[in-house]
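For reference, the structure discussed in these notes is given below.
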Amino acid sequence: MSLRPLTSPWFHAPAGHEKIWLGCAILWCFVMSLMMPYWHFRGKQNSTGEAYTVKPADFLARTEKFVAANRVGTYQNQTGNALMGALPLVEPPAGGDAYLIGRMWQWYPALRLRQGETYRLHLSSLDLQHGFSLQPLNMNFHVLPGYDHVLTLTPTSKGEFTIVCNEFCGVGHHAMSGKIFVE
Amino acid sequence: MTTASHSLAAPGTPGRICGTTGLGVCLDAQRFIKLNAVCGIVFLLLGGIAALLLALTRWQTVHLLPVDWFYRILTFHGINMLILWILFFEVAILYFACTTPLNTRLFSRKVAWASFLMMITGAVMVDYIILAGQADVMMTSYLPLLAHPAFYLGIILVAVGTLTGVFNFFATLYVAKRDGAYEGSMPIVTYGALAAAIIAVVTLLHGAVVMIPTFTYSMGWTPQPDPAWYRLIWWGLGHQSQQVNVCAMVAVWYLLTHITVGARPINEAVCRTAFVLYVLFINLASAHHLLVDPGVGATWKIWNTSYAMYLAVLASMIHGFTVPAGIEVAMREKGYTNGIFGWVAALPWKNPAFSGTALSLVIFGFLGGITGVTLGTQQINIIAHNTLRIPGHFHVTVVGGTTLAFMALAYYVIPLIFQRDFIGRGWARVQPWIFGLGITLLAFGMSFAGSMGVPRRTWDIDTQGVFGPAAHLWLGVLGLGGILAFTGLLIFALLCVGTLFFGKKIEGRAMADWGTPPALAGSQPGSLAHEHYATKGTMVLTLIFLACFAVYYFANWKALADVWPVR
Amino acid sequence: MAPEWCSRFLKFPMNNEPKIHPWQKVLDNPWLLLVLGVLIPVLSYTVWGWIELLLTKPALLP
């Protein structure tokens, strides 16, 4: 009885339909339990959380050094987004490190990558938490001030990709934009 | 055996006998159930008005609120719905579950007042400071975003107040057992409430650990806590409070299916073990908020987001079987034995407590559970984190699941505890359907827009220039669903408030029945107690559920495999 | 008659009370559940996660 205390012993083992369902459910849970470790070792998309602590000022300095050493041009934003007018266009060395800052309200700098090459993309914030969201691929990672979040990334498709921000970071949040070009 | 001084049957105990059920009601518990339930519904209405404004803003065509008010109202909506409405109503449920089913009185009136006053003071502080524009930080208030100290202090007060109410619950259980107010094992409804209360302890401890240093930082007394640490501990408060909701919702399912259809747990050991799995493992999955975060590693992410190899998900799947199975057995025993699904047609669909429960079960199970486990898969989260898929998921669990179940409960709480029959009974019968349909549409709009990359917590998507007509279409669906859901919510709030003022008083008679299926001629209650293969209909439904789960789950792995390799 | 505490060590109950399954005894103990329900999540999610964050190394930034 659901609303009154049970005065006689009530334990009995599952039987019949409930036992069948328990078996099916346990089997399904087992399958799901295997999927994540399987993908961790054999799948290509993972989020290992590789990260290092960093001071925002140091990360900014390192990014500026990266921009100065690898700049190939300027990206002029055509959409009239006042918060992301012009960004330096930077191409990291193939297989090398790229640095990307999220700050109110842009992703700095714009990047040019080569299809099929693997890069170590370092993400950090100078101010608040931000959400790195690469569209239209819809790849999403979290970016924190004080942490260098490293993604080992291999662009496998060419084109122009926009980085939007999907963690609230103030009134300019909806306009916070960045670019990655893959050739 | 000591004197049963806390029993409702003891002389001098403030109590009454319910005219409908014959069960004892502790008058102290009754007072605090009333206070907490009324406050809960007030915050539900405030949060609901906010919801309408938000839905009409994310629907780009309407785009109602300006940018600063959007974020302000979004913060207000999150706090009022996920914290205030839910916690106040849950405290009411706890006070009921530890008294009437055990035939005992509430441990302490003073403790109940302390709890209530802290909660309401904190709630008013938080709501005031948000509307004053001093806390545009979202419910999560992620550092380094900083709100006015009153925001944090208000939340701390609500948390401490709730913990005090939870203490009252545990103390009542302890004294009732000690004093022999009841014999044997507590009933399943109380057991579910116990599970909810234990999880609430974990939740509120995390709340204290995260909010106190953040408050002292906001006052300028201590340095800023680390943002990654803040996220870890905050979600120990934030998600775990939703797991309290899951337990409370399931306890309500057992309660309402019992009241409306006469269902009972088909196997007490299985149902209770499922609650124990919740208690032990459901809190681990707060990790699913940190799956694409820096700092915490893959092993921690995978183990915790899996609820310990999905043991807590198993628990949900168990309840997903046992609740409908209990209904089916009760109906078959009443004589509704036509075919596999004959009993379904004979269910009291016009009883708003039943329809609310059934809708809650289906929406939570099929939509909420499946999307939740999938989005909470470590790698799949890469294509979902912070998109509108996340609110799409939690609106079907917390709103379509828990809130709808609590609304269903109100259709009995108000007549039985407030002792007034509902006005507008025709409206009451359709309200769960309107609300359930609205939330489902809203969630579909959110989920499909989110799978196209539309971000959550964002005022506008046109500035970026990357979201096309399909995304806008789904945001329109979100808008329409929001309007319909708000309509359902408003009807509910008006019915409750109207009933409290104008409903016919129930004194010394039974409440007006919402409708329960009559026992057919020749039926035998309890006849299927030892028949273990009676639940054919439930078996079919749960296997369909499992098939949907598998399809959705693997479809998402496929979608993940299409994006760039990343580690 | 042996004292009541003996019944714990004997296979059959001392009196006419029906035997309670050991798992029912576990399920019937709210305080055990409270302790485990706090310990397990706090250790697995909170403490382990906190340690992971504390062990984060500083960036090299060459």
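Quick note: numbers below take in every heavy atom, side chains included, and nothing from hydrogens, waters or symmetry partners. Below, chain A is the first sequence line, B the second, and so on; all start at residue 1. All values derive from a computational prediction rather than experimental measurement.
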field: Straight-line distance of A:Gln45 CD to B:Gln379 CD, nearest 0.5 Å
entry: 9.0 Å

Contact summary for B:Trp564 and A:Ser157, nearest pair of heavy atoms: NE1-OG, 2.8 Å

- line: In this structure, CG of A:Asn140 is separated from CG of B:Leu291 (nearest 0.5 Å) by 12.0 Å

- prompt: Between B:Val454 and chain A, which part of the residue has a heavy atom less than 4.5 Å away: side chain, backbone, both or neither?
  reply: neither

task: Count the heavy-atom pairs under 4.5 Å between each of B:Val296, B:Thr190, B:Thr305 and chain A, then report the option with the highest count.
output: B:Val296

statement: Heavy atoms of B:Pro144 and A:Asp127 approach each other most closely as CG-O, 3.2 Å

field: Residue, of B:Leu546, B:Val313, B:Thr21, B:Thr542, that accumulates the most heavy atom pairs under 4.5 Å with chain A
entry: B:Thr542

- prompt: Looking at A:Glu50, A:Lys19, A:Met32, which makes the most heavy-atom pairs under 4.5 Å with chain B?
  reply: A:Met32

query: With only heavy atoms counted, which part of B:Phe549 is less than 4.5 Å from chain A, the side chain, the backbone, both or neither?
result: both

Whether A:Gln129 side chain and B:Leu143 backbone form a donor-acceptor pair below 3.5 Å: yes

task: Using atom types as modelled and distance alone, determine if a side-chain donor or acceptor of B:Lys301 lies under 3.5 Å from a backbone N or O of A:Ser47.
output: yes

- prompt: Less than 4.0 Å between a side-chain N and a carboxylate O, is that true for B:Arg457 and A:Glu167?
  reply: yes

- prompt: Checking B:Ala97 against chain A: side chain, backbone, both or neither under 4.5 Å from a heavy atom?
  reply: neither

field: Part of A:Leu121 lying under 4.5 Å from any heavy atom of chain B
entry: neither

query: Distance from B:Met317 atom CE to A:Leu22 atom CG, nearest 0.5 Å?
result: 9.5 Å

message: As an exercise: rank B:Ile259, B:Asp462, B:Thr387 by heavy-atom pairs under 4.5 Å with chain A and give me the winner.
response: B:Thr387

query: Can you say whether the rings of B:Trp557 and A:Trp39 are parallel (under 30°), tilted (30 to 60°) or perpendicular (over 60°)?
result: tilted

field: Polar side chain donor-acceptor pair, A:Tyr147 to B:Asp226, under 3.5 angstrom
entry: yes

- request: With a 4.5 angstrom heavy-atom cut-off, could you sort out which part of B:Ala559 is near chain A: side chain, backbone, both or neither?
  value: neither

Residue among B:Val292, B:Thr458, B:Leu560, B:Leu102 with most heavy-atom pairs under 4.5 Å to chain A: B:Val292

task: Look at the rings of A:His174 and B:Trp459 and say which category their plane angle falls in: under 30° parallel, 30 to 60° tilted, over 60° perpendicular.
output: perpendicular

- request: Mind checking the CE-CH2 spacing from B:Met539 to A:Trp21? Nearest 0.5 Å is all I need.
  value: 6.5 Å

- request: Return yes if some donor-acceptor pair links the side-chain N/O of B:Asn386 with the main-chain N/O of A:Asn166 below 3.5 Å, else return no.
  value: yes

- request: Output yes when a side-chain donor or acceptor of B:Asn267 lies under 3.5 Å from a complementary backbone atom of A:Glu18, and no otherwise.
  value: no

- prompt: Taking the inter-plane angle between the rings of B:Tyr142 and A:His142 on a 0 to 90° scale, is it parallel (under 30°), tilted (30 to 60°) or perpendicular (over 60°)?
  reply: perpendicular

field: Side chain, backbone, both or neither of B:Ser451 within contact of chain A (heavy atoms, under 4.5 Å)
entry: backbone

query: With only heavy atoms counted, which part of B:Val189 is less than 4.5 Å from chain A, the side chain, the backbone, both or neither?
result: both

task: Select one option (side chain, backbone, both, neither) describing which atoms of B:Ala228 are under 4.5 Å from chain A's heavy atoms.
output: both

- prompt: Relative to chain B, which segment of A:Tyr119 carries a heavy atom at a distance below 4.5 Å: side chain, backbone, both, or neither?
  reply: neither

- prompt: If you take all heavy atoms of B:Pro227 and A:Pro145, which pair is closest and at what distance?
  reply: CG-O, 4.1 Å

query: Which residue out of B:Asn103, B:Val67, B:Thr140, B:Leu314 racks up the most heavy-atom pairs below 4.5 Å with chain A?
result: B:Leu314

- prompt: Between atom CH2 of A:Trp10 and atom SG of B:Cys271, what is the distance when rounded to the nearest 0.5 Å?
  reply: 10.0 Å

- prompt: Do A:His40 side-chain atoms and B:Gln378 backbone N/O form a donor-acceptor pair below 3.5 Å?
  reply: no

field: Residue of the set B:Phe545, B:Tyr553, B:Tyr310 for which ring-ring contact (aromatic ring centres under 6.0 Å, His included) holds with A:Trp28
entry: B:Tyr553

query: chain B heavy atoms under 4.5 Å from A:Val143: which part of the residue, side chain, backbone, both or neither?
result: neither

- request: Let me know if B:Tyr533 has heavy atoms under 4.5 Å from chain A in its side chain, its backbone, both or neither.
  value: both

Toward chain A, the part of B:Thr273 with a non-hydrogen atom under 4.5 Å: neither

query: Which distance, rounded to the nearest 0.5 Å, do you find between the SG of A:Cys165 and the CD of B:Gln464?
result: 9.0 Å

message: Counting only non-hydrogen atoms closer than 4.5 Å, does B:Ala251 touch chain A with its backbone (N, CA, C, O), its side chain (CB onward), both, or neither?
response: neither

task: Mind running side chain to side chain donor-acceptor pair (under 3.5 Å) on B:Glu183 and A:Thr7 for me, showing each step along the way?
output: CA-CA 6 Å; B:Glu183 292 285 321; A:Thr7 44; over 6 Å; no

